[in-house]
Structures are given as structure tokens and as C-alpha cells.
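The next block holds one structure in the form of C-alpha cells; read it before the comments.
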Amino acid sequence: MSAATSLPEPYAQSPVDAQPGGMPLRIDGLLVQGDQGRALLSVPRLEIAEGASLSVRGPSGAGKSTFLLAIAGLLKIDSGLVRWGDHDLSAMPESGRAQFRRRWVGFVFQDHHLFEELSAADNAALPSLYAPPGLRAGIRQRGADALRRLGIDPASRRPVSSFSGGERQRIAVARALSTDPAILLADEPTANLDRDSADLLARDLVGLARTARRTLIVVTHDSALQSSTDRVIDIRDGAMLQGGGDIAAPELA
Amino acid sequence: MTSPRRNLPEIWAGLPVWAQEILLVLARVAPAVVLGFLVLRGFRIAPLLGGLLRRQAWISAVFCALIAVSVALTTGILSQERGIREGSARAADKFDLIVAAPGSEMTAMLAAVFLQPADMALLDGAIFDRIAARPEVDLAAPIAFGDSWQGAQVVGTTAPFVMHLSGDLAEGRMFETETEAIAGARVQLSLGAHFSPAHGEGHAAEDDAHGDFEYEIVGRMPLTGTPWDRALLVPVESVWSVHGLANGHDASSQDKLGPPFDPALFPGTPVILVRARSLAATYGLQAMFSQQDSMAFFPGAVLGRLHGLLGDIRKVMGVMSVLTQVLVTVGVLAGLMMLTRLIARRLALLRAIGAPRRFVFALVWSYAVVLVVAGTLLGLVIGIVAAKLISAAITAQTDILVQARPGWPEVRMAAAFVSLTSILALLPAFMTMRRNVARDLRG
Ligand SMILES: Nc1ncnc2c1ncn2[C@@H]1O[C@H](COP(=O)(O)OP(=O)(O)O)[C@@H](O)[C@H]1O
Ligand SMILES: [Mg+2]
């Protein structure tokens, strides 16, 4: 793979990166209910190999965000199994799931969710504020590297409020990568961007995931982004349609 | 030789006062510091906290100001009461023992120390002579008030008493004849100026009662910070003469001023100030002259009773102001809970990307504590400044030098307040920690 050689190394050497590459996901009989007990999401079975990438699509309100929140451990799982590698989220208490996210998950949102008053580098290194002291320098370093790779000068002290939408979303991607996560989750990351910015971001997101063999799950309507992932599945009315089942990792040359 | 093992109370008692005060303050902030350590341990809060403060600058400023005003109220009351107590005690400093005709000690004290007009019976020459003749008496001086000039008391007394009050004169010399007078520091008469005393004081003053008797100012006392700064001090003989009485001396020494007086020619004085050579002697004199025809008392002790009353008032106002302070703080914390709703999405984002609950907790808590600490510091300053302004007004009104200065009680109060509120601030922090992250993220 040609893109791989152009990427900086630190992603592979981080102290967080105990196991190289991504993490496999296994879901069995997942059911998430809303406040009134209404079923918001059901996923009978889904398996994703480590390092694989997956697009999730479906109409608005179908339950795509709910799906992402559930596999990120941000929702109470009413029944079923959600397991990342050896980590069974469905059996973990809230604190364990937060710890799991901190260590393994990078999250990118549709609305970039940056801290407007901070600089690009400070936003990218946000996880260093609560990381153990030994990991802080690594997070800052990787955040800056990711910014550079995404075309943003990490030395700039401008508050992020002065950046364009596409730039801000790239800063959010750099933040997600700063902890060298095994898992990258993205919720409509290109939805608020113009065509060119969206294409650029889609390419970078998939490229950066694939190079380090991170498992990537991205909710998107963007067909360009969909076609660059290994697989696309549909969620409709809270249910995962055909396309579930097993998703293998791509062959890497 | 100190004993090798000393117990804690001894060590405590051996410390200098400032060290004790600092330790007391530290003991009061300790809960906040320990809490801060526990809550913030392992986190870098500052960048996000700074952002939060900047983003919510106006609301933060208003909350901070509310806390400051409530803290200022308590600080001001504490500092003001202490200033009044110290100022009035200083005014009474020179008055060791007062002998007066039996009656109200309070009236006599207010009349002698603070020159508050009062109708008092007179002590006769025999009593004065008995006091002045005691070997342990350093100074026995008649203090005869009743006359005035344009609102300023004209007080008849002796040269030793003037020296006792003022030390060296600020300018001029001591009075040497019955028509000479010494002015208090704030009297608007210069050296060489003449004035005619009026009988009585205020509205009751009869301007022409004393004919065309005139005094000349020959000296001026330095500032004493007491009502005596507005008084005119004249030879007691002149007060008697003006009223057509004997002047305390027999025909052979008519021009003499000051003691000894001839008891038979001593027309009387409402108050005698007595200073003895020792504290024990002062107590002895007090017992000796507390009799049927005279009372002797310590103005300091009488003033102490007034201070007790003042202290009670301060306590009541203090309780009210502390209540205000607590209410304001609770209000601010309630406001903070609403504020945290405004920033709920950001907090949810932090949780979504893996920040521990305690991090969000620490962020909200330290935001509240920063407002409280800033408000408290500001409040201390405002309280002291307000107390200084009020003190200046009191000084202008009463001539009692009242100085409000920051003191340890205020610092102790502030330290305890910070600790208490940092505990209360756990509540809004706890509430935000329990919010539903997924729901807040959807915003
Ligand atoms: N906490 C909740 N309680 C009840 N219904 C919810 C809750 N959160 C989301 N929903 C509903 O669940 C459905 C799926 O929402 P979402 O996953 O955000 O859809 P998508 O991301 O596909 O647009 C929607 O109908 C939404 O209104
Ligand atoms: Mg959505």
C-alpha cells in the first residue's frame, strides 16, 4: 500500500498501542431501548475483523447514531452482547466503559465539537488533560503529527473558532487519533463540509485508519466515503438490514 | 532548660501570635485544599477552566460580584466593629481612674472621655485634696466642663493634665494666666486668636452669659484621635472665675495656676482624673474613693460594657451577614447548575471521548471554586475599603479616630467560607457528573 509509507511512524510506537492494529467487534442480539421501552436499535449479529472498515448508512432517525453510541459504550445496553476483542462492553460498568473509550476509541462527530477558545494543537491533544502524566507527551506529539499530516500547522496559536469547517473537522480527526486508538468511530464526519473538503477528509480518515490497521466504523451518507470502506451496511427503523454478519479485514499487500 | 517533652498546648502557647493566626487560617482552608487535591489529582484542568471562564465571562463576573458583596458585608462588619472598639479604647487610654460624684458611671465616662455634655453633681475641694495628697497619686486633675465656644467644649483643667493628654504641644506654649487657652488639634482657631466662652453647650448655650471675658490661644495640642481634638483647654481657675466663684487659691496667690488648691476655696469639679504610680495603687484608690460622697471607676471597664453591647450587635449582624453569604452562595451554586446545562454538550463530548467522570466533575467543581475564591478575595478588599470609608465618616462625626484595617478574624472567616463553599460546590459538580451523556451529545 503506497499511502502507508508516507505516514509518520509514531502511530505504531505509542505506549498505548499494546497490541498493534485494530480490534475485532462482535455483536450478538443487541437491543437498545428508548426511555419508554421503545426499541431504538436491534442488531441480531455483526462481526467485524480487526483493521476492517465499515460504512453505516440509513435514513435520518433510523438509529445510526444510536448504533455508534452503543458500540462506544455510551448507552446502556438492555440486552445482547457487544464485545471488542476481549472487552465485553455489555458487562462493564460505566467507569470501565469510559476507561475503554479512553484507551482504545477515537471518536469524530458530525459537529466537530471542538473547544473554541483553545488552539488547534490544544484541541488535538485534549485527551492529554486527563491522561496519566507518562502518556501526555505522546498524546501531544501524535496530535501534532496528525495535524501536520492533515495539513494544519500545529504551531499556530489561533483559536479554532477562526478555522474553516473543513479544517475544524480535520482538527477533530487529529484529536481522535492523538491517543492512537485501535478503534475509530465517526458519525457523519463529512456531512457539514463542502464537496472538496469532504473528499479530502474521507480520504484522510480512511487512509489514517487503514495504515495503522485501526478498525473504522463510520456513519455516512457520503457515497465517496462509503465506497472507500470495506463494507457498507444499512440501518432502517432501528434494525440492521442485510449486510450484517461477518466483515473481514482487507488484504494488505 | 526546656523539658525534652512538651505537650501540644504548651507548644501552641509558645508560638508567636502571628504564627498562631496563620495556623488557624491554614486549618480553615485545609478542607478546601484537601478537597482540591482529591478532586483534581492527576488532571490538568487549567486550559479548559480558562476557556470556560472566558466563554462565560459575564455570568462568571456577575456570580463573582454577588459573592464578593456578601463577603464584603461580613468583612466590613467585623472590621468596622473592631475599628470602633479600638478607636474608643484608644480614646479612653489616658483616663486611668475617674472620680465623680455618685451617679451613673456611664454618664461620667462619656462626659470625661468623649466630652458628651451631661449635668453632673460636683465634687468638693476636700475630696480633691484627699486624692491629691495621696503619695501614690501621680496626677490628680479637675476636669470642669460646661462652657463652650461655637460648639467646642471649653474644659477647665490643669497644665499637668494637658501635658498628660498631649505629650509635647504641637505649637505654642502652656497657658500661664487665666485668660490663656490651649486648642485641640482640630479647633479652627490659630495661635493668638481670641474667643469668648458661652455658658452651657449647643442650643442651651448663652452667648453673653460671661460678659466680655476673652481667652487667647497660646498653644495647640497634637492630634490625639479623640473628641478632645475639638476641645479648648483652659485653666480650671478661669472657669471658676468666669462663674463668679472663688478660684481655688487664697488672696496671697491669686495669680497662681494649678495645684495645690485651697480646699476651702475650691468651688468644685464634676470629674477628677487620677493617675497612680502603679496598677495596684490604681486599684487601691478605686476602692478608697468608692464611697458615699464619691464614686471611682475605671473608664476602660465601663467602655468594656459598651463594647460588650457593640459585640452583641456585631454578632447579630454577623449572623445575618453570614446567612446572606450562605444564601448568595447557594444561589450562585444553583445558578451554576443551570450554567452547566449550557455547557452540557461540551462536558458530554469530554465523556464521549473517554474523559473519566471525575474529570468533568473536577472541571465544574473548580469552576465554582474559582468563582468563590475570586469573589471572596474581592469581597475582602471591598469590605475593608467600605469599612475605611465608614470609619472616616465616623471619625469626622465623633472625632474618635476609627481605623478599619484588615484583621485575622476576616481572613479566618474568608478561609472558612471558602472551605464551606468548596464542599457545597461538590453538589453541582455531582449533578453534572450524573447527566446522560448520550442525550447531551445529541444536544
Ligand atoms: N434517549 C432517547 N430516548 C428515546 N428516543 C431516542 C433517544 N435518543 C434517540 N432517540 C430516538 O431514536 C431514534 C434514532 O436516533 P438516532 O440514532 O439519532 O438516528 P440517526 O442517527 O440514524 O439519525 C430517533 O427516532 C430518535 O428520536
Ligand atoms: Mg445521527
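Quick note on labels: first sequence line is chain A, next is B, and so on, each numbered from 1. Scope of the values below: all heavy atoms of this structure, side chains included, with no hydrogens, waters or symmetry mates.
Residue F43(B) touches chain A through both its backbone and its side chain, counting heavy-atom pairs closer than 4.5 Å. In this structure, the portion of L349(B) lying under 4.5 Å from any heavy atom of chain A is its side chain and not its backbone. Neither the backbone nor the side chain of A176(A) has a heavy atom closer than 4.5 Å to any heavy atom of chain B. R175(A) touches chain B through its side chain: at least one heavy atom from C-beta onward sits under 4.5 Å away, while N, CA, C and O do not. Interface residue R357(B): only side-chain heavy atoms are found under 4.5 Å from chain A.
Of the charged side-chain nitrogens involved, none lies within less than 4.0 Å of a carboxylate oxygen, so that R55(B) and E116(A) do not count as a salt-bridged pair. Between E94(A) and R351(B), at least one side-chain N (NZ, or NE/NH1/NH2) sits under 4.0 Å from a carboxylate O, which counts as a salt bridge.
For chain A, the option among V437(B), N436(B), L350(B) with the highest count of heavy-atom pairs below 4.5 Å is L350(B).
Other residues, nucleotides and ligands contribute only 12 or fewer heavy atoms inside 6.0 Å of the CZ atom of R434(B). Residue D88(A) qualifies as enclosed at atom CG: its count of foreign heavy atoms under 6.0 Å is above 12. With a 6.0 Å radius and a threshold of 12 heavy atoms from other residues, nucleotides or ligands, M431(B) has its CE atom at or below the threshold. Atom CE of M317(B) has 12 or fewer heavy atoms from other residues, nucleotides or ligands within 6.0 Å.
Remark: of the listed residues I353(B), I45(B), L48(B), I353(B) is the sole one forming a side-chain contact (heavy atoms from CB on, under 4.5 Å) with Y130(A).
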